[in-house]
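Chain A is the first sequence line, chain B the second, and so forth, proteins listed ahead of strands; every chain is numbered from 1. Just so it is clear, the structure is predicted and the values come from calculations on it, not from any experiment.
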Amino acid sequence: MIVQRAIESVGIPTIIIAALPPVVRQQGTPRAVAPRVPMGANAGEPHNVEMQTGILKDTLKQLEEIDQPGKIVPLPYEYIAQI
Amino acid sequence: MSLEKIDGLQSEIFVPITPKPVFTKVTKPLKDMSVAIVTAAGVHLKTDTPFNLAGDTSFRAVPGTAKDEELMVSHGGYDNTDVNRDINCMFPIDRLRELADSGYIKAVAPTMYTCMGGGGDVKVFTEKTGPEIAKKLLDENVDAVVMTAG
């Protein structure tokens with residue numbers, strides 16, 4: 001998150017895929033998306049190419065669409081790890 | 001009963017304060033963007049030095065052409081089971097390459113940057129690690145960054 005802010009502040013737009021949206025909000029994320037995933041599979045279920053592609057495409061779409069700092073957009077993907 | 005007010009009185013308990021917003025506007029369409037992944041998930045090349053699991057402020061560079069089997073994770077702060085099965089869970093490099101091949105984005109940036117988040121020396125991350133990674137991305141003309149962490 002510190003690194004995200006550092007990159008954003010030199011003029012490169014960034015977006016973070018977060019498993020813990022309250023944490024990234026508190027730490028001042030410029031832009032975030034939050035699929036329903038556990039920490040450790042932020043970008044989607046292992047070997048689920050469809051889900052991973054969907055999350056990444058929607059993340060990039062939100063990079064363009066989010067127009068104010070600190071906005072966190074939920075994404076409609078769910079993965080529950082079997083532990 | 002009236003409450004007594006004392007100017008400048010502070011809590012003894014450290015309360016993290018959300019820093020001021022930073023924001024860079026997007027100025028070009030996705031199809032014209034070179035995109036990098038930057039992650040705090042502890043991903044690195046197997047040939048590279050692992051992160052120190054007790055706390056590490058260094059970062060690693062991973063070529064945009066790196067294959068799954070050349071990558072691994074050193075991170076003591078989350079369950080690595082899923083990412084050990086499929087690196088794309090935290091480092092969606094195969095998916096990013098597919099989006100470049102299909103024209104959704106222009107290109108995968110030459111280099112991805114990785115570190116081990118979830119702790120460590122916040123001051124060093126703020127003053128050194130973050131700015132160093134940002135400068136490298138600028139030098140490599142990266143248009144946008146997707147991150148995984150948190």
Chain A contact via [X] - side chain, backbone, both or neither, heavy atoms under 4.5 Å:
X	answer
B:K135	neither
B:N88	both
B:A40	neither
B:A41	neither
B:V38	side chain
B:L99	side chain
B:V122	both
B:I105	side chain

Could you check whether any side-chain heavy atom of [X] comes within less than 4.5 Å of a side-chain heavy atom of [Y], counting everything from C-beta outward?
X	Y	answer
A:Q26	B:I17	no
A:E45	B:C89	no
B:T18	A:Q27	no
B:F59	A:V3	no

* **A:Y79 with A:L20, same ILVMFWY side-chain cluster at under 4.5 Å** => yes
For [X], is it the side chain, the backbone, both or neither that has a heavy atom under 4.5 Å from a heavy atom of chain B?
X	result
A:V33	neither
A:V23	neither
A:R25	backbone
A:I2	side chain
A:T59	side chain

* Asked: Who among B:P21, B:P19, B:A144, B:G130 has the most heavy-atom pairs with chain A under 4.5 Å?
  -> B:P19
* Could you have a look at B:D94, B:L30, B:T148 and say which one has the most heavy-atom pairs with chain A under 4.5 angstrom? => B:L30
* Using the side-chain contact (heavy atoms from CB on, under 4.5 Å) rule, take B:V22 and A:Q4 through it: C-alpha gap first, then chi angles, then the decisive distance, then the call. => CA-CA 10 Å; B:V22 288; A:Q4 186 188 10; over 6 Å; no
Report the distance from atom [atom1] of [X] to atom [atom2] of [Y], rounding to the nearest 0.5 Å.
X	Y	atom1	atom2	value
B:I93	A:Q52	CD1	CD	12.5 Å
A:I12	B:I133	CD1	CD1	11.0 Å
B:Y104	A:K61	OH	NZ	5.0 Å
B:M147	A:I17	CE	CD1	10.5 Å

* To do: State whether the side chain of B:R95 and the backbone N or O of A:E50 hold a donor-acceptor pair below 3.5 Å, judged by distance alone.
  => no
